[in-house]
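Read through the structure below, which is laid out as structure tokens, and then see the notes.
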Protein chains: 2
Amino acid sequence: MDSDTRAWKDAIYGQFGRIGKALSSPRRLEILDLLSQGPKNVETLVLETEMSVANVSQHLQTLLQARLVQFEKQGTYAVYQLSNAKISALLLLIQELGEDILAEVRLLRDEFLLNRDSFEPLTLDELKARMDMDEVYLIDVRPKEEFEYGHIPGAFSIPVKELADHLSSIDTNRPVVAYCRGRYCMYAVEAVEMLREHGIHAIRIDEGVREWNQEPIH
Amino acid sequence: MDSDTRAWKDAIYGQFGRIGKALSSPRRLEILDLLSQGPKNVETLVLETEMSVANVSQHLQTLLQARLVQFEKQGTYAVYQLSNAKISALLLLIQELGEDILAEVRLLRDEFLLNRDSFEPLTLDELKARMDMDEVYLIDVRPKEEFEYGHIPGAFSIPVKELADHLSSIDTNRPVVAYCRGRYCMYAVEAVEMLREHGIHAIRIDEGVREWNQEPIH
DNA sequence: ACAGTATTCAATTGATTACTTGAATATTAC
DNA sequence: GTAATATTCAAGTAATCAATTGAATACTGT
């Protein structure tokens, strides 16, 4: 390979490495995951991740430099969002791959999620079939802002933190199906536990709105 | 968020971070890209990347620990391969995303590829249409081993380094279409240049066999 | 102008990473 | 057993990275 080609290859992979570096931090992966559910300001990210304000801001600067996020100021608030729809797909793929190849990921899924909710979740196809026949009451238990940004059609928004106050508004003639951010989010599990404690027939799906919107890759 | 959930989230993103860390090095991205065209031993990777043997081996150990590659010994040769088909898709997505969001990637594409081959490449759809009508002579100009691992159906294998010796075996009654590893590989460009120097009507496609096999994501 | 709030910046510290060099290991052929 | 070949390992060095702390900046409401 002549040295021009070698230098060009080094440069191009150096650029792709910028994306890889941005994804090398568990903190930044969590921030990106949260942003794939909708735009958020620093304060919201601080609350969700339990990181310090300065640390969140540092990581956001790193993501800005890699061009994975962009922001707009709304008063004193800097509202960050993903810069490209492919980033959501990339995160999903990293998570699917992680589940395929890393035993530790499967272990963590098993030890936490399934111990708390011993019932198998509904599959997306089962959900679609039941929704077509109007057989379920679908609730989105993420924060309201995320619901407004995008949600599964036909779902009602009842954030899990407000579920206790909204039990009376739930149609209990049909089974309740809860969903949240996806396979690594606890909100739907917590919601189902709470509903069952109140004698309401409730199940959940593993997927979130990203998976709903994603064309199947197989 | 209670501290159990926080700890679990830290653990799960820590695991996904293993994949991100593995992808944070330009050198490892190139190695993975080469392996997505077929299994290779250390020596082959050394030749293609112009890195030292020890360095290639170190990076392969890092990829092994992240479970992105696996290997089998064949005599003194350790033959490495990708551990999961999703890794190819992940690399393609990083490259597509890179092209979407990083001006430097587009600049590098422009400054090298298109300056050498001022003719627009054929699209995949155009290729398919012409192959259906038997209008083109499709050649795969990657190393023979990569062709054997997987290639576009109907293509003939003429590695670019052997092209000069095989000019007489090319059917010149139809235009020749060359392809190689994908959008960041020079082999097809070099092959088209050489063929045109010998008066042979030749064009190329940007895509490689991975894109051919990939279901469209849009 | 000032206080409050939200965010970013800069410096420091400790940890991690990439490459090189030289040694060690594994396998094969004779 | 020995030499050759392929690969991995270990240590050193320089560079990079992550989190914290404290300061600085930006914006709004009064």
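Residue numbers begin at 1 in each chain, while the letters A, B, ... track the order of the sequences.
Residue Leu60(B) contributes atom CG, which lies 10 Å from atom C1' of dT7(D) at whole-angstrom precision. When rounded to the nearest whole Å, the span between CG of Leu23(A) and P of dA18(D) equals 12 Å. In this structure, the CZ atom of Arg28(A) is 12 Å from the C1' atom of dA19(D), given to the nearest Å. Counting to the nearest Å, the C1' atom of dT21(D) and the CG atom of Asn55(A) are 12 Å from each other. For the pair Gln65(B) CD and dC9(D) P, the computed distance is 9 Å after rounding to whole Å. A straight line from CD of Glu43(B) to C1' of dT7(D) spans 10 Å, rounded to a whole angstrom. Atom CD in Gln74(A) sits roughly 14 Å away from atom C1' in dT7(C) (whole-Å rounding). Atoms OH (Tyr80(B)) and C1' (dA6(D)) sit 11 Å apart, rounded to a whole Å.
Using a 4.0 Å heavy-atom criterion, one finds that Thr62(B) contacts no nucleic acid atom at all. Base contact: Val53(B) has a heavy atom under 4.0 Å from a base atom. Residue contacts for Phe71(A): at a heavy-atom cut-off of 4.0 Å it reaches no nucleic acid atom on any strand shown.
Residues Lys73(A) and Arg27(A) both approach DNA chain D. Their nearest nucleotides, taken by heavy-atom distance, put Arg27(A) toward the 5′ side.
Closest contact between the side chain of Ala54(B) and the listed nucleotides dC9(D), dA26(D), dA6(D) involves dC9(D).
Note on Ser57(A): a side-chain N or O is less than 4.0 Å away from OP1 or OP2 of dT8(C). Taking only side-chain nitrogens and oxygens, Gln58(A) never comes nearer than 4.0 Å to OP1 or OP2 of dT8(C).
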